[in-house]
J.: 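Encoded as structure tokens, here's the structure I'll be asking about.
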Amino acid sequence: MNDFYKRVYALVRKIPKGRVASYGDIAEHLGTKGSARTVGYAMNNAHAVSPPIPAHRVVNRNGLLTGKHHFGSPTMMQQLLENEGVKIIDDQVQDFEKLRWIPRKRN
DNA sequence: TCACTGACGGGGC
DNA sequence: CGCCCCGCCAGTG
């Protein structure tokens, strides 16, 4: 467990309910812009972290639920988001631009 | 040590 | 619009 991972998890937990963020935004915030893949890789291990990580609030830059297969069920991620008021159509977050949450260092 | 993979992103064609 | 290539970084065999 790297410090990098912890930073990813800590940041993901800060994502407000009903909002989403992209891997790239998270990576950029951590100062490792361009390493969005690594952020995604970190999320792969998020299920084993405590407290729980709201991984369903993290999508790719297009607002697509690319990580849904890593939840128990392929529809789990979508259900979790819709349960928070986020509308999903064809695995894509609607109004992604509006719901997109940009992490800030001052917060 | 090298090669490959991946819940990504950007750019070229 | 779809496809491909490359950079990115950590984990794995």
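The structure displayed is predicted, hence computed values, not measured ones. Reminder, nothing fancy here: chain letters follow the sequence lines and each chain counts from 1. All values below were derived from every heavy atom in this structure, side-chain atoms included, with hydrogens, water molecules and symmetry-related copies excluded.
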J.: I'd like to know if the side chain of A:Tyr9 reaches the main chain of A:Pro51, judged simply by a donor and an acceptor atom lying under 3.5 Å from each other, with no hydrogens or angles considered.
T.: no

J.: Of A:Leu30, A:Val12, A:Ile26, which meets side-chain contact (heavy atoms from CB on, under 4.5 Å) against A:Arg7?
T.: A:Leu30

J.: At 4.0 Å (heavy atoms only), tell me whether A:Ala55 reaches a base, stays on the sugar-phosphate, or touches nothing.
T.: base

J.: Which pairs pass side chain to side chain donor-acceptor pair (under 3.5 Å) with one or both residues in residues 62-73 of chain A, sequence neighbours excluded?
T.: A:Lys68-A:Asp91, A:Ser73-A:Thr75

J.: In chain order, what residues pass the side chain to side chain donor-acceptor pair (under 3.5 Å) check against A:Ser35, with sequence neighbours excluded?
T.: A:Thr32

J.: How is the hydrophobic cluster of A:Ile89 composed, in terms of its other members, when Ile, Leu, Val, Met, Phe, Trp and Tyr link through side-chain heavy atoms under 4.5 Å apart, directly or indirectly?
T.: none

J.: Going by the salt bridge (Lys or Arg N to Asp or Glu O under 4.0 Å) test, which pairs reach into residues 79-89 of chain A, not counting sequence neighbours?
T.: A:Arg57-A:Glu84

J.: Given atom OH of A:Tyr5 and atom P of B:dA7, what is their separation to the nearest angstrom?
T.: 13 Å

J.: Other than A:Leu99, which residues form its hydrophobic cluster under the rule that side-chain heavy atoms must be closer than 4.5 Å?
T.: A:Val20, A:Val59, A:Leu65, A:Phe71, A:Met76, A:Met77, A:Leu80, A:Leu81, A:Val86, A:Ile88, A:Val93, A:Phe96

J.: Could you check how far CG of A:Asn45 sits from C1' of C:dT12, rounded to whole Å?
T.: 13 Å

J.: For A:Ile15 and B:dA7, what is the distance between atoms CD1 and C1' respectively, to the nearest whole Å?
T.: 13 Å

J.: Going by side chain to side chain donor-acceptor pair (under 3.5 Å), name the residues that satisfy it together with A:Arg100, two or more places apart in sequence or in a different chain.
T.: A:Asp25

J.: Between protein and nucleotides 8-13 of chain B, map the contacts as a letter string: B base, S sugar-phosphate only, - none, heavy atoms under 4.0 Å, written 5' to 3'.
T.: BSS---

J.: Looking at every non-hydrogen atom in both residues, tell me the closest pair between A:Pro54 and A:Pro52 and how far apart they are.
T.: CD-O, 3.8 Å

J.: Residues from residues 70-82 of chain A sitting under 4.0 Å of DNA chain B, heavy atoms only?
T.: A:His70, A:Phe71

J.: Once you round it to whole Å, what is the distance between C1' of C:dC9 and CD of A:Glu28?
T.: 16 Å

J.: In whole Å, what is the span from the OH atom of A:Tyr41 to the C1' atom of C:dC8?
T.: 15 Å

J.: How close or far is atom C1' of B:dT5 from atom CE of A:Met43, stated in whole angstroms?
T.: 18 Å

J.: Given atom OH of A:Tyr9 and atom P of B:dA7, what is their separation to the nearest angstrom?
T.: 14 Å

